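Order of appearance sets the numbers: ligands from 1, and atoms from 1 within every ligand. As a basis for the values below, the full set of heavy atoms in this structure was taken, side chains included, without hydrogen atoms, waters or symmetry mates. Source: prediction; values computed, not measured.
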Amino acid sequence: MATYAQAHRRSIQERDRFWREKAQLVDWQAPFETVLDYRRPPFARWFVGGRINLCHNAIDRHLGARSAQPALIYVSTETGAERSYTFGELAGEVNRFAAILKAQGVGRGDRVLIYMPMIPEAVFAMLATVRIGAIHSVVFGGFAAASLATRIDDARPKVMITADAGMRGGKSIPYKHLVDEALRLAQHPPGNVIIVDRKLDPEMSRVAGRDLDYATLAAAHAGASVPCAWLESSEPSYILYTSGTTGKPKGVQRDTGGYAVALAASMRDIFCVEPGETMFTTSDIGWVVGHSYIVYAPLINGSTTILYEGLPIRPDAGIWWRIVAQHRVRTMFSSPTAIRVLKKQDPAYMKKYDLSSLRYLFLAGEPLDEPTARWASDSLGVPIVDHYWQTESGWPILSAQPGIEDTPRKFGSPSFPVCGYDVKLLHEGTGEEVGSNEKGVLAIAPPLPPGCMTTVWGDDERFVSTYFSTVPGKQVYSTFDWATRDQDGYYFVLGRTDDVINVAGHRLGTREIEEAVQAHSGIAEVAVVGVADPLKGQIPVAFAVVKDPARVAAADGAAAVRREVMDTVDHQLGAIARPGAVHFVTALPKTRSGKLLRRSIQALAEGRDPGDLTTIEDPAALEQIRQALTGADSR
Ligand code: ATP
Ligand code: MG
């Protein structure tokens with residue numbers, strides 16, 4: 001058996017052979033002629049000439065052996081619904097949806113915008129779209145009308161698919177009126193809107209001629225069978241906008257063949273899920289994790305996937321573990337934020353269910369702090385695998401790959417570069433590679449491996465200027481994240497390159513200061529931002545959540561903890577990094593995908609507009625920041 005190091009070396013040095021082998025994991029209608037066409041760097045075309053279809057690979061090719069195996073298990077703790085679809089049943093649903101789209105005139109290369117809650121019809125819609133060679137653009141069902149309108153105008157869909165409403169925490173959240181508003185704002189609205197009516201919003205209005213009822217269309221197309229459109233490998237499968245944490249969202253364009261191969265390889269080498277086994281990914285279909293590891297990768301692999309609509313702590317903090325036990329989940333994929341939420345609950349919930357089927361818990365999306373990782377690993381008794389990637393990459397960049405070799409994991413590290421990624425840590429000024437334990441920009445020497453974004457939708461120039469132009473004189477892909485590599489080759493992601501504070505000429509990463517603050521045992525969570533200062537350029541300001549709020553309830557208690565926090569930072573990093581102010585709050589503002597809204601916090605701290613807040617998890621958390629900043633006693 002190859003070791004990880006050998007496999008990775010081979011993936012770079014014998015790139016074409018490596019990927020030719022991996023390409024066997026999926027079905028091709030016609031074989032590819034060339035593994036990689038890289039005549040126009042940095043644009044990489046993988047498996048040139050091969051004809052392939054994502055929906056065929058996710059469904060049709062399993063119909064022989066797996067027709068009766070569950071493919072999609074839907075659990076909603078919002079409505080109480082639980083439904084399971086075998087591969088055979090999923091094929092029926094998707095064929096019917098494909099027929100509906102075709103009847104609306106949707107064809108190869110047309111865009112379909114999907115703005116849906118976490119219901120099976122959203123998955124049918126995605127698979128139906130790629131089945132007919134159209135391109136989906138799923139917009140997270142939580143974005144407000146203006147954000148939706150910009151994405152509509154960028155993607156220019158022919159048809160849009162939505163639902164009357166989503167549900168969150170037991171409350172119905174109407175979607176349709178947001179869609180109406182977005183369509184009023186958009187310059188290029190689609191001709192038709194297909195609405196899945198969950199009967200959650202009795203007030204929903206319809207626009208005659210434009211709005212179509214899914215149930216009515218489905219009845220009209222019952223039993224339909226629609227052949228797969230065979231696409232050339234590099235034809236687009238979908239567009240997905242980045243989360244927008246750092247500014248204007250970019251329309252990430254994904255190919256078809258490269259994506260299928262990369263996902264199939266990742267299921268074996270990274271996530272260790274066999275065909276017939278079950279994967280449970282707790283993300284949302286609106287994010288890249290949902291695209292790749294709720295929908296496409298498990299199905300392409302012939303595995304069962306779980307679609308969960310609900311919160312991690314409702315009806316109680318045992319819900320995810322009940323699902324794991326009931327469906328014999330093999331690998332689970334979640335985010336550090338979700339685990340931190342569970343950490344605040346009664347640990348008895350982790351022990352209540354039979355978790356013997358579970359092999360791994362993978363976590364990604366933001367830095368995983370050691371206490372959280374340790375807590376999860378102790379409570380679950382399974383390895384916690386921190387792994388790092390982006391919307392742009394579509395699948396992991398840094399991760400342990402237990403399917404190749406079970407390398408030991410280090411807390412706080414997403415381990416090593418995944419096979420296919422030629423990862424470099426570059427000095428931001430010189431572009432030279434940095435040494436062990438030195439901080440550098442995490443970069444990828446092109447060509448990017450299969451599955452990664454092929455361009456920015458409709459804007460090749462922006463692809464090159466955004467991602468490949470940060471290092472002077474070198475065409476490398478920048479992740480815009482800082483990292484170090486230790487003497488054993490383990491990577492540590494330190495945060496985003498624009499999260500750097502310049503204090504009197506010293507450059508400090510906000511993440512480093514946050515870790516220093518967290519070394520104080522009374523602090524549960526903290527966000528540090530740089531705030532403009534006439535004297536020093538910028539000063540760090542901390543917003544901390546304490547484990548025991550009683551300690552900071554009175555002014556003298558708060559002052560004492562504040563002093564201790566500052567002492568801790570002095571001790572860990574030095575006085576230069578000491579926060580100019582430490583404010584206590586009970587929650588930090590985050591997006592619904594668990595990312596800290598650092599830019600918004602910083603904007604408030606500098607008296608600016610906090611920007612687009614439509615995906616904020618808990619608006620009250622931002623309000624607390626606002627109040628903390630105006631409160632006299634918090635300084
Ligand atoms: P935008 O690019 O629009 O600002 P975004 O970067 O928040 O949005 P995503 O692509 O969803 O959108 O997030 C990827 C980023 O998340 C990475 O670049 C990195 O900053 C962070 N990240 C992901 N996984 C990890 C991890 N394991 N450890 C540390 N950071 C991580
Ligand atoms: Mg990003």
Side-chain angles (χ1 to χ4, degrees), residues 138-140 143 147 150-151 154 239-252 254 270 283-293 333-340 361-370 372-373 376 384-400 409-418 421 423 441-444 452-453 456-457 462-463 466-467 470 477-484 490-500 509-512 514-515 590-600 611-612 614-617:
V138 182
V139 176
F140 176 66
F143 275 113
S147 314
T150 24
R151 287 160 176 81
D154 195 66
I239 308 165
L240 177 61
Y241 294 89
T242 60
S243 315
T245 313
T246 52
K248 185 171 178 269
K250 300 160 281 272
V252 166
R254 196 92 61 212
I270 302 174
S283 180
D284 188 285
I285 49 144
W287 310 123
V288 69
V289 174
H291 279 61
S292 292
Y293 294 104
F333 182 158
S334 191
S335 66
T337 305
I339 301 304
R340 280 195 282 267
L361 172 61
F362 281 78
L363 299 175
E366 40 165 336
L368 174 63
D369 58 286
E370 185 167 333
T372 302
I384 307 302
V385 189
D386 180 9
H387 64 310
Y388 161 93
W389 49 296
Q390 310 183 298
T391 307
E392 290 86 344
S393 69
W395 64 296
I397 297 171
L398 297 173
S399 183
R409 284 162 298 274
K410 288 192 187 183
F411 282 116
S413 166
S415 296
F416 313 118
V418 167
Y421 287 93
V423 174
V441 179
L442 188 64
I444 303 166
C452 290
M453 78 186 293
V456 172
W457 171 253
R462 191 169 174 213
F463 177 60
T466 303
Y467 294 104
T470 42
Y477 171 88
S478 174
T479 63
F480 300 103
D481 286 307
W482 292 114
T484 57
Y490 286 80
Y491 284 72
F492 293 81
V493 178
L494 303 176
R496 297 163 190 259
T497 50
D498 61 357
D499 285 341
V500 168
T510 49
R511 172 98 194 121
E512 291 168 85
E514 285 167 6
E515 274 180 7
K590 293 189 180 162
T591 65
R592 293 222 212 136
S593 59
K595 291 182 191 299
L596 195 60
L597 283 162
R598 214 191 290 275
R599 291 213 141 206
S600 305
D612 183 352
T614 50
T615 65
I616 189 166
E617 168 78 34

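Across the listed options Trp287, Trp389, Phe492, Trp389 owns the non-hydrogen atom lying nearest to atom 14 (C) of ligand 1.
Heavy-atom contacts of Pro367 reach the following atoms of ligand 1: 28 (N), 29 (C), 30 (N) (cutoff under 4.0 Å). For ligand 1, the atoms sitting less than 4.0 Å from at least one non-hydrogen atom of Val493 are 29 (C), 30 (N), numbered in the order shown with element in parentheses. Close approach of ligand 1 to His387 (heavy-atom distance below 4.0 Å) involves ligand atoms 24 (N), 26 (C), 27 (N). Listed by number with element, the atoms of ligand 1 under 4.0 Å from a non-hydrogen atom of Asp481 are 17 (C), 18 (O), 19 (C), 20 (O). For ligand 1, the atoms closer than 4.0 angstrom to any heavy atom of Thr242 are 1 (P), 2 (O), 3 (O).
Geometrically, Arg151 engages Phe143 in a cation-pi contact defined by less than 6.0 Å to the ring centre and at most 45° from the axis.
The backbone N or O of Gly394 lies less than 3.5 Å from a partner atom in the side chain of Ser292, making a donor-acceptor pair.
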*asked:* Checking Asp386 against Arg409 for the salt bridge (charged side-chain N to carboxylate O under 4.0 Å, His left out) test, could you report, in this order, the C-alpha distance in whole Å, the side-chain angles of both residues, the deciding distance, and whether it holds?
replied: CA-CA 9 Å; Asp386 180 9; Arg409 284 162 298 274; over 6 Å; no
*Check step by step if side-chain contact (heavy atoms from CB on, under 4.5 Å) holds for Ser399 and Trp389.*
CA-CA 9 Å; Ser399 183; Trp389 49 296; over 6 Å; no
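Residue contacts with ligand 1 for Arg496 involve side-chain atoms from C-beta outward but no N, CA, C or O (heavy atoms, distance under 4.0 Å).
With sequence neighbours left out, Tyr491 forms a side-chain contact (heavy atoms from CB on, under 4.5 Å) with Leu398, Pro417, Val423, Leu425, Leu442, Arg485.
In this structure, Val288 does not count as a contact residue of ligand 1, since none of its heavy atoms falls inside 4.0 Å of the ligand.
Looking only at side-chain heavy atoms (C-beta outward), Pro336 and Asp369 stay at 4.5 Å or farther from each other.
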